[in-house]
Amino acid sequence: GAGVSQSPSNKVTEKGKDVELRCDPISGHTALYWYRQSLGQGLEFLIYFQGNSAPDKSGLPSDRFSAERTGGSVSTLTIQRTQQEDSAVYLCASSYRDRVGEQFFGPGTRLTVL
Amino acid sequence: EDQVTQSPEALRLQEGESSSLNCSYTVSGLRGLFWYRQDPGKGPEFLFTLYSAGEEKEKERLKATLTKKESFLHITAPKPEDSATYLCAASSGGSYIPTFGRGTSLIVHP
């Protein structure tokens with residue numbers, strides 16, 4: 001079966017522009033996570049969706065970051081007015097609700113802000 | 001606040017030279033301890049879940065063990081294809097969000 005897919009794989013943008021990153025989770029997985037990974041850093045949690053519940057946004061670094069999940073499936077992470085410090089790999093993962101750590105990750109989107 | 005610390009940051013081994021990676025954790029009521037493998041340019045790949053002290057899991061040349069304060073990933077007779085970054089994560093009883101360590105970068109030379 002298909003794994004988690006993300007698009008685009010690479011995104012280069014200019015400072016101040018908005019970007020949208022897409023994640024297609026594994027069918028049947030009700031939990032969806034967004035993480036950010038910078039060089040030499042661990043995975044930084046951004047946001048967590050579970051079914052139709054309100055998302056846990058506690059990891060979003062600023063109000064320039066937002067995410068939505070439509071129909072319990074596809075998710076979009078939006079970064080407004082991008083800054084150079086937003087440059088990183090953005091990873092999406094999905095899992096079954098009760099298998100917190102057994103997450104299936106996508107290949108990531110590498111974002112470069114010039 | 002949950003914390004996960006991995007050591008060493010980097011490890012170089014010769015093919016066949018067994019070793020262990022360490023993951024120390026501080027969480028309130030461990031829900032699970034997780035190991036992942038990450039290859040360059042790819043997302044992490046799930047390896048193991050450990051739930052309670054004394055538990056062990058094995059997969060090919062890898063064996064994960066768990067105590068009340070730390071977990072070890074033992075690599076027996078590694079091969080060059082075992083080269084990757086190994087990530088450890090832990091979640092506490094009330095959370096669906098695991099805390100990840102920074103990883104150990106393993107290079108196995110032929």
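All values below come from the heavy atoms of this structure, side chains included, with hydrogens, waters and symmetry mates left out. Throughout, a chain's letter reflects where its sequence line sits, starting with A, and its residues are numbered from 1.
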Taking 4.5 Å as the heavy-atom cut-off, does anything in residues 103-114 of chain A contact chain B, and if so which residues? Q103(A), F105(A), G106(A), P107(A)
Relative to chain A, which segment of S105(B) carries a heavy atom at a distance below 4.5 Å: side chain, backbone, both, or neither? neither
Most heavy-atom pairs under 4.5 angstrom with chain A, which of T99(B), T49(B), L33(B), I97(B)? I97(B)
Heavy-atom distances under 4.5 Å only: say whether R97(A) touches chain B with side chain, backbone, both or neither. both
Hey, any chance F46(B) and W35(B) share a hydrophobic cluster, counting ILVMFWY side chains that come within less than 4.5 Å of each other, even indirectly? no
Same apolar cluster (I L V M F W Y, side chains within < 4.5 Å links), L50(B)/L73(B): yes
Using non-hydrogen atoms and a limit below 4.5 Å, what part of residues 23-34 of chain A faces chain B? Y33(A)
Contact class of Q38(B) relative to chain A, heavy atoms under 4.5 angstrom: side chain
Examine whether an atom of F48(B) lies under 4.5 Å from a heavy atom of chain A, and if so say whether it belongs to the side chain, the backbone or both; otherwise answer neither. neither
Tell me the residues of residues 42-65 of chain A whose non-hydrogen atoms fall below 4.5 Å from those of chain B, in number order. G42(A), L43(A), F45(A), Y48(A), D56(A)
Y25(B)-Y36(B) co-clustered via ILVMFWY side chain contacts under 4.5 Å: no
In terms of heavy-atom contacts, does CD of E1(B) have more than 12 from other residues, nucleotides or ligands at under 6.0 Å? no
Provide the closest heavy-atom pair for Y51(B) versus E102(A) in the form atom of the first, atom of the second, distance. OH-OE2, 3.8 Å
If hydrophobic clusters are built by linking Ile, Leu, Val, Met, Phe, Trp and Tyr wherever their side-chain heavy atoms come under 4.5 Å apart, do F72(B) and L87(B) end up in the same one? no
Side chain, backbone, both or neither: which part of L47(B) has a non-hydrogen atom closer than 4.5 Å to chain A? neither
Should we count CD of E85(A) as having more than 12 external heavy atoms under 6.0 Å? yes
So does E15(B) have more than 12 non-hydrogen atoms from other groups sitting under 6.0 Å from CD? yes
Quick check: is L21(B) connected to L62(B) through a chain of hydrophobic side chains (ILVMFWY, heavy atoms under 4.5 Å apart)? yes
For residues 29-89 of chain A, which residue pairs qualify under disulfide (SG to SG under 2.5 Å), counting only residues two or more places apart or in two chains? none
